[in-house]
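Remarks on the structure that follows.
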Amino acid sequence: MHWPGIKTQLKITLLYTMLTGAIILLLSVLVYYFAQRLSAEDFYKRLDIRAVMVAQANFPQNAGTSDLINDLRNEYLEKLPHEKEYFREIGKDSGNVAIPGLSLPGYFYDNLLQDDKAEYKKEHVYYAGILHRQNGKRIVVVVSAQNEYIRNQLTNLRRILLTGFVLSTMLIFALGWFFSKRIFLPIRKMTRSVQDINTENLHLRLNVGRDNDEVSDLARTFNNMLDRLETSFESQNNFVSNASHELSTPLTSIIGEAELALQKERSPERYREAMAIILKEAERLKAIIQSLLSLAQTGFDGKKQSLESLRADEVVLTAKNAVARIYPESRVKIDYTLMPENEEQLQIKGNENLLVLALTNIMLNACKYSGNKEVTVAIASGSARLYIIVKDQGIGIPADELRYIYDPFFRASNTGVVKGYGIGLPLARNIIRLHSGELQVTSEVDHGTEVQVMLPVDKSQRH
């Protein structure tokens, strides 16, 4: 039911009132109907008794019976409003039982012949007839009267039921409004709390309460959403501040070298040194911008990426070759001992360029921070997931810094002079997430780092 412009609390109250009122109205109609039926049946019985007494009084079996019956009737039976009596003696085999001067339908007399009794109502007048047999005679007796009692009783009953319906509907509306107000009280409090939350106080949370009901579930959902918003907002602030810092550093070097070179005449060697510094910082600036663009692009909806069926071992091999071109000193070894024999378990669905980029960044990190020690890449598969495990023997990551490894531009405190921008791992995780996968990192200082890439197996390629 659509009620535009009406608040939910009032909608619930009105709907509750309408449903309950309809039930009360239906019950009132049934009460009135059955009261009318029972009263009519009772009145017909009273007419039947009078019909029998009329027959006994007018056609007595014994002398003196007529006077006795009349006395009993006058003493114990109250005369009914507009009461009239009709009787007629008919022949033994006669089929005509109609009483002259009394307009009654034909089925009334048919029922009389068939069942020895009949009933009929015309407007406010009730008719009850009997076929009385006595001493071989057949007597048709009809008694009619108006049921003033039932009319008065039904009028009072209608008034009572109508008054009860109106009062009970008003009471139901008041109770519905009261209870709906109590039910919606936590939601109103929640609305006020949400309205007070902004970018200045994203740390605020809604009160969940002790009850495990729908309102508590809604509060938990809001709190989970606020957790994600706060994390996203903080990450965005950190990203913007770190990006501005990382971009400003090479720009400052480029501007400084250019200004120094233009201040006065210098030797060709000095100009070449200045140009070399400018070129180095410009390349660094280009690398940072490319990394930032790649990181931003992986925030797109995964449905917009071009996905195809790929073999995981081929993707790993392509990434290994890319690492060899970028970092010739690298020593990456692919471990095939865990690789499944069934080729279907190596099938994954994804974007080859993005997956190669993610694995290349992971392998490059392993090579750079392991001091040219061997890096192993293993491929394993379960029933629903495929695992790519990159393990090095490098410097590792301090335990208290592991939680920051996915923050853009973050670099561990023990990286020293190893060149890097802190973009590779966040970029790799974004790519893996786009492919409905997970990335887990375990590390121990001076013992190395292990990165597990978990991707869903492409079951559509199975036969």
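It should be emphasised that the depicted structure is a prediction, and the values quoted were computed from it without experimental measurement.
Within the 3.5 Å criterion, the main-chain N or O of Leu38 finds no donor-acceptor partner in the side chain of Asp42. Distance alone, capped at 3.5 Å, is enough to place a donor-acceptor pair between the His447 side chain and the Val445 backbone. A donor-acceptor pair under 3.5 Å links the side-chain atoms of His435 to the main chain of Asn351, judged by distance alone.
Side-chain contact between Pro340 and Leu346: present, with at least one pair of heavy atoms (C-beta onward) separated by less than 4.5 Å. A 4.5 Å side-chain heavy-atom check between Leu167 and Leu171 finds every atom pair outside the cut-off.
Using a 4.0 Å cut-off between a side-chain N of Lys or Arg and a carboxylate O of Asp or Glu, Glu41 and Arg37 qualify as a salt bridge. A salt bridge does not link Asp48 with Lys45: every distance from a Lys NZ or Arg NE/NH1/NH2 to an Asp or Glu carboxylate oxygen is 4.0 Å or more.
The two residues Thr13 and Ser180 make their nearest non-hydrogen contact at OG1-OG, 3.0 Å. Between Tyr44 and Ala128, the closest heavy-atom pair is O-CB, 4.3 Å. Minimum heavy-atom separation, Leu355 to Gly350: CD1-CA, 4.3 Å. The two residues Ala322 and Thr360 come nearest to each other via the heavy atoms CB-OG1, 3.9 Å. Between Asn365 and Leu425 the shortest heavy-atom distance is ND2-N, 4.1 Å. Considering all non-hydrogen atoms of both residues, Tyr32 and Arg158 come closest at OH-NH1, 2.5 Å.
For the side-chain contact (heavy atoms from CB on, under 4.5 Å) test with Val377, the passing option among Val451, Val453, Asp335, Ile388 is Ile388; the others fail. Residue Ser144 is tested with Glu83, Lys121, Lys122, Lys84 for a side-chain contact (heavy atoms from CB on, under 4.5 Å); the sole match is Lys84. Of the options Thr163, Ile24, Leu25, a side-chain contact (heavy atoms from CB on, under 4.5 Å) to Ser168 is made by Ile24 and by none of the others.
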Show your working on side-chain contact (heavy atoms from CB on, under 4.5 Å) between Val316 and Met363 and close with a plain yes or no.
CA-CA 10 Å; Val316 170; Met363 293 182 193; 4.0 Å; yes
Audit row: Asn223, Arg220, side chain to side chain donor-acceptor pair (under 3.5 Å) steps and yes/no
CA-CA 5 Å; Asn223 288 340; Arg220 292 188 190 95; over 6 Å; no
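Looking at residues two or more places apart in sequence or on another chain, you find a side chain to side chain contact (heavy atoms under 4.5 Å, CB included) between Tyr16 and Thr20, Ile172.
Atom CG in Asp217 sits 6.5 Å away from atom OG1 in Thr221 (nearest 0.5 Å). One distance of note links CG of Asn147 with CZ of Arg46; it measures 7.0 Å at 0.5 Å rounding. If you take OG1 on Thr318 and CG on Asp313, they are separated by 9.5 Å, rounding to the nearest 0.5 Å. How far CG of Leu131 is from CG of Asn111: 12.0 Å, rounded to the nearest 0.5 Å. For the atom pair CD1 of Ile130 and CZ of Arg50, the computed distance is 13.0 Å after rounding to the nearest 0.5 Å. To the nearest 0.5 Å, atoms CZ (Phe173) and CG (Leu10) are separated by 6.0 Å.
Residue Lys320 qualifies as enclosed at atom NZ: its count of foreign heavy atoms under 6.0 Å is above 12. The 12-atom threshold is exceeded at CD of Glu89, counting heavy atoms of other residues, nucleotides or ligands nearer than 6.0 Å.
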